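Below you'll find the structure, written out as structure tokens, and then a few comments.
If you're wondering where the values come from, they're calculated on a predicted model, not measured in any experiment. In what follows, every chain begins at residue 1, and chains take the letters A, B, ... in the order their sequences are listed.
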Amino acid sequence: MRIALFITCVNDTLYPRTGQAVVRLLRRLGHEVVFPESQTCCGQMHYNTGYRREAQRLAVRFVETFADADAVLAPSGSCAAMVRDNYPRLGEPGSRLDRAVAELAPRVYDLSELLVDVLGVTDVGAYFPHTVTYHPTCHGLRLLKLGDRPYRLLREVRGIDLRELPGAAECCGFGGTFAVKNPDVSAAMGSDKARNVAATGAEVLCAVDNSCLMHIGGTLERGRTGVKAVHLAEILASTEQEPARI
Amino acid sequence: MSTPQERGEFGTQGARPGGGSRERVLARVRAALADVPAREAPEDVAVPRAYTPAHGQGATVDLLVDRLVDYRAHVHRVAPEELAERIGLALAHRRAHRVAAPADAPEEWFARTATTVVRDGGGLDVAELDGMDGVVTGCAVAVAETGTIVLDAGAAQGRRALTLIPDYHLCVVRADQIVDGVPQALPRLDPARPLTWISGPSATSDIELNRVEGVHGPRTLEVVIVE
Amino acid sequence: MSSVSPRSPHSAVPAEAVPAHRSATFVGMPPFPDAARAATRDSQLRHNLRKATHTIRDKRDTVVSELDDWSELRAAGKAIKDRTLRHLDHYLERLEEAVTAAGGTVHWAADAAEANAIVTGLVRATGERDVVKVKSMATQEIELNEALAEAGITAYETDLAELIVQLSEDLPSHILVPAIHRNRAEIREIFRDRMAAWGAPAPDDLSDDPRALAEAARVHLRERFLRTRVAVSGANFAVAETGTLVVLESEGNGRMCLTLPRTLISVVGIEKIVPTWSDLEVFLQLLPRSSTGERMNPYTSTWTGVTPGDGPQEFHLVLLDNGRTDVLADTVGRQALRCIRCSACLNICPVYERAGGHAYGSVYPGPIGAILTPQLRGTASPADAALPYASSLCGACYEVCPVAIDIPEVLVHLREEVTARPGHLGEKAAMGAAGWVLEGERRLGAAQRAASAARGLVPRRLPGPGAAWTDTRDIPEIPEESFRSWWRREGRHGRAETEGPAPGQLRDDPAERAGRGEDGGR
Ligand code: SF4
């Protein structure tokens, strides 16, 4: 299958290794990856902060860029949710944007949805000999409703030791500009989440969203816990021949 | 958006009892609903009622008992011929000397008790009610699923103050008064009457959100179910 | 909202009726981020809130999952409220008619001052100087107690948590349990120090056992209930068809106030209406389970006008607008009026749990407060403009709301309103610049190259606004090259390792996809 990768601006700029892992993984599974270069950002930060017009312009760019794609993979739960959940609120009902979104949004997937629902795999042949705990993220849990898809993928990984995260459903406190507008509450939420992560004894914290991982990971690092934050794609791309660097 | 205060639209006069700003408020409501088509009737707004009329647990005595016990009420199940004896025992156990009862509560209920029963037809004042060791009434409906007893000030129930001021309430529930859930209870009740829905003794969760029984309402609820 | 000066100890009221009581007010509180900062550093408060909210969350979860038709009840609750709101004028007139026919008197108040004037006038007409009160959000919102105090009338709060707040001259921090921020030891101190000034004192040997504290409240208020002749209440629901008012409570203080006084005055927001008696079958299932996490709350009272020989013989209903019609006029924000004040959204909210209720600067704290307060008061003041941002948009509130208020949607909508106001120049410039960069892939590529080139220069702790991030978190290292530059250099040359299925073959059927959307998403 030919999969159009929407890398997302945060991954593009700060976490290219997540994108590289996605490419490696999908090619290993026998699929073609294309990267339409006119892509930039889904507009989530603008939309969530109250800048609707800016978000609209980015939405137009997104639907133009990906209009012809069979399947769009956004390896960031919150960006996939932005497109699926919020884009339909951006265009005037019946407008070009509105119609284009209605047409495209159902083909935009998070990584676990693409693998489990579209490509029909849970065992991707990965090897990752580490203790891992999974943070489901708010967008993954409550907007995309990923359910147990990420766990089904992780459980098939060779060598993995999965640990249950206490208080998993609770927000990590990132929330985009929330982290800057309400730094104290955000940090308090982050440190509670980091404490729960550390309590599992896992070496690795996994999620489908690098924004949350940046926040929790940064808190874990500051606390010198030694726990590393790693995107699901990197764990699934990891093999005995080419193990993930953590 | 600006608030009415910001716009300086409203004065504070016009506080006539029975009047006030009726027309002004209604006009503002209508203006706010400019997006609602004039032809739309209230019933045109669909209300999906796909919820289940009853949760299939039945109008069972077992369920009602389970719920009442959960609320820390004292519960007994008796045959009709055992009722008077049970009431007598309960009042003796409670060491009640004087209890109140509605004027129309059946005389048979009190056939086997030594406790003085003071009948209230509305004449007892608050201080007299406060001096009672308890009150014995019937009920209108009982809801099994939620462990609720509903009083409607009807037969054998008396006015609301009667079951409120005494610290102990003994309530007689007939099996045929028990319904499954809230949806079965409402049609049996007349909204024109003052209703009191009682689910266990008075309680509060205001201290650290832990439930503690016994605040202002009767601190002890005893229920006798007649099957 | 108006602020009222502390009541003078030299007022005309007889000395024994004048508790040395000062009214606290939310006016002048700092905006949310500043108020929350102090709260996050108060370890006692954090502990109290954490314990209480987690207790109630678990209870709610248990009783909600007991009902397999919860989502259907929720859909019905939402729709009944929508029907009411879209035809509110119709239902208000029905309600007025029915209440009047049953012997009650209906008053209409456009704003807080008018409502206060109506209630004060009604109490004065009875000649009484004391009123007992059942917990009511509407009367807190209009600061009725302060208005009555100005008129020489003392309002006694009778709900346990309200009593704690009133005795300690504190502010409510939760809509269901206004003293949720206090633990048992603090409550014991408040009772011991303050009860005597208001009536029956607390026993000398009062312990901090919740049972003993509840007993102290019972003794303190008992006489008051038995002799006070005027009561003020709110209502959870008002049934338009029958004119019936409904109050749910636990302690029996509500029954006392609704039964024993001669005169009952109920102040009710115009959005509290439900159309019919049978509609209560939905709300009497949704509310107790969402709110105290019980299958049913201990006491629910319903009354219709006046019943001769039973309960108050004079009944006044004050219908309150006070900004609600502004909320109604906003087609996105309108849904906030569906709220049945269960407090589930507060209890689940991770921000509320850490910031506490006072930080929201309003009687309506938590997620519902963050959308309701700025709609009722507008977003002109810095404090009100900060409220829509007091959320990480995690969506937990929407998930638990029994009437499906999409709180995140309204928050974002209100943020748009805030950014449309003058000001926020720095942020607007930043957002504009980010938008400009992101609207062109070349500009984005150039910005990424500049960042990579400077990566060695970025310190682990940033100055200025960036410090908000790096005070508690490390920032990620900026990689050597962006994904897009790697792709151009290397990534695009790779291929699929095995022959994949033909395009389209696996492309899922939209119908099937819609089917697997669990409960449909949002
Ligand atoms: S917004 Fe919803 S969850 Fe929050 S108090 Fe209102 S009804 Fe309850």
Roughly how far, to the nearest 0.5 Å, is the [atom2] atom of [Y] from the [atom1] atom of [X]?
X: B:His216; Y: C:Asn253; atom1: NE2; atom2: CG; result: 5.0 Å
X: B:Asp130; Y: C:Phe225; atom1: CG; atom2: CZ; result: 12.5 Å
X: B:Thr146; Y: C:Gln285; atom1: OG1; atom2: CD; result: 8.5 Å

- request: State whether C:Lys135 and B:Asp206 are salt-bridged, where the test is any N-O pair (Lys NZ or Arg NE/NH1/NH2 against Asp/Glu carboxylate O) under 4.0 Å.
  value: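 No salt bridge links C:Lys135 with B:Asp206.
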query: Do NZ/NE/NH1/NH2 and the carboxylate oxygens of B:Arg67 and C:Glu294 come within less than 4.0 Å?
result: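 C:Glu294 and B:Arg67: not salt-bridged.
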So, does [X] use its side chain to make a donor-acceptor pair with the main chain of [Y] at under 3.5 Å?
X: C:Arg83; Y: B:Pro42; result: yes
X: C:Thr304; Y: B:Pro191; result: yes
X: C:Asp89; Y: B:Leu26; result: no
X: B:Glu208; Y: C:Lys51; result: no
X: C:Tyr299; Y: B:Thr196; result: no

Flag side-chain contact, heavy atom, 4.5 Å: [X] against [Y]:
X: B:Arg49; Y: C:Ile80; result: yes
X: B:Trp197; Y: C:Leu248; result: no
X: B:Leu33; Y: C:His90; result: no
X: B:Tyr71; Y: C:Met296; result: yes

field: Contact winner vs chain C - B:Ala50, B:Ala203, B:Gly200, B:Ala41, heavy-atom pairs under 4.5 Å
entry: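 Between B:Ala50, B:Ala203, B:Gly200, B:Ala41, the count favours B:Ala203.
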Worked verdict on C:Asp69 versus B:His55 for side chain to side chain donor-acceptor pair (under 3.5 Å): CA-CA 8 Å; C:Asp69 60 343; B:His55 290 113; 2.7 Å; yes
message: Under 4.5 Å from any heavy atom of chain C, what part of B:Thr148 do you find: side chain, backbone, both or neither?
response: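 Contact with chain C involves the side chain of B:Thr148 alone.
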field: Which atom of C:Ala79 lies closest to which atom of B:Pro48, heavy atoms considered
entry: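 Heavy atoms of C:Ala79 and B:Pro48 come nearest at CB-CD, 3.4 Å.
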task: Would you kindly say whether C:Glu281 and B:Tyr51 are connected by a side-chain donor-acceptor distance under 3.5 Å?
output: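 B:Tyr51 and C:Glu281 do have a side-chain donor-acceptor pair below 3.5 Å.
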